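Single-structure report; data block below.
Nothing here was measured: the structure is a model prediction, and the numbers come from that model.
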Amino acid sequence: MTLENVTNIAGLFEIINKCKGNVELVSEEGDRINLKSRLSQYLAVAGVFAHGYARQLELIIEDQEDLEMIMEFIVSGKSRE
């Protein structure tokens with residue numbers, strides 16, 4: 001899944017933390033970073049989101065329900081309760 005112009009970084013991580021399966025960020029070099037890890041989230045914020053937003057993110061989402069939840073967040077800007 002490719003996300004573009006992500007500005008609600010905190011909201012995105014809040015949704016990712018609710019996911020059941022792994023959610024990985026794929027770097028330009030092809031490395032996969034597990035975004036369910038708090039340390040990885042901090043590293044992603046420091047690198048990818050250095051300007052307060054991310055132009056483009058490539059995510060690998062294992063669980064179909066997690067994918068639907070993230071898509072719902074992207075479309076509505078709100079998380080499920």
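Expressed to the nearest 0.5 Å, how far CZ of Arg38 lies from CZ of Phe13 amounts to 9.5 Å. Here the SG atom belonging to Cys19 is positioned 4.0 Å from the CD1 atom belonging to Ile70, to the nearest 0.5 angstrom. Residue Leu12 holds its CG atom at 6.0 Å from CD1 of Ile74, rounded to the nearest 0.5 Å.
Residues passing the salt bridge (charged side-chain N to carboxylate O under 4.0 Å, His left out) test with Lys20, sequence neighbours excluded: Glu65. Asn17 is linked by a side chain to side chain donor-acceptor pair (under 3.5 Å) to Gln41, counting only residues two or more places apart in sequence or in another chain. Applying the side-chain contact (heavy atoms from CB on, under 4.5 Å) test to Met71 and every residue at least two apart in sequence or in another chain returns Met1, Leu67.
Closest heavy-atom contact between Ile33 and Ser40: CG2-CB, 3.6 Å. Closest of all the heavy-atom pairs between Phe73 and Asn8 is CZ-ND2, 3.6 Å. The two atoms that bring Lys36 and Gly21 nearest to each other are CD-O, 3.6 Å, heavy atoms only.
Looking only at side-chain heavy atoms (C-beta outward), Val26 and Asp31 stay at 4.5 Å or farther from each other.
Checking each of Leu59, Ile61, Ile16, Ile15 against Asp66 for a side-chain contact (heavy atoms from CB on, under 4.5 Å) leaves exactly one that passes, namely Ile61.
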Stepwise side chain to side chain contact (heavy atoms under 4.5 Å, CB included) check, Ile60 with Val23: CA-CA 6 Å; Ile60 304 296; Val23 178; over 6 Å; no
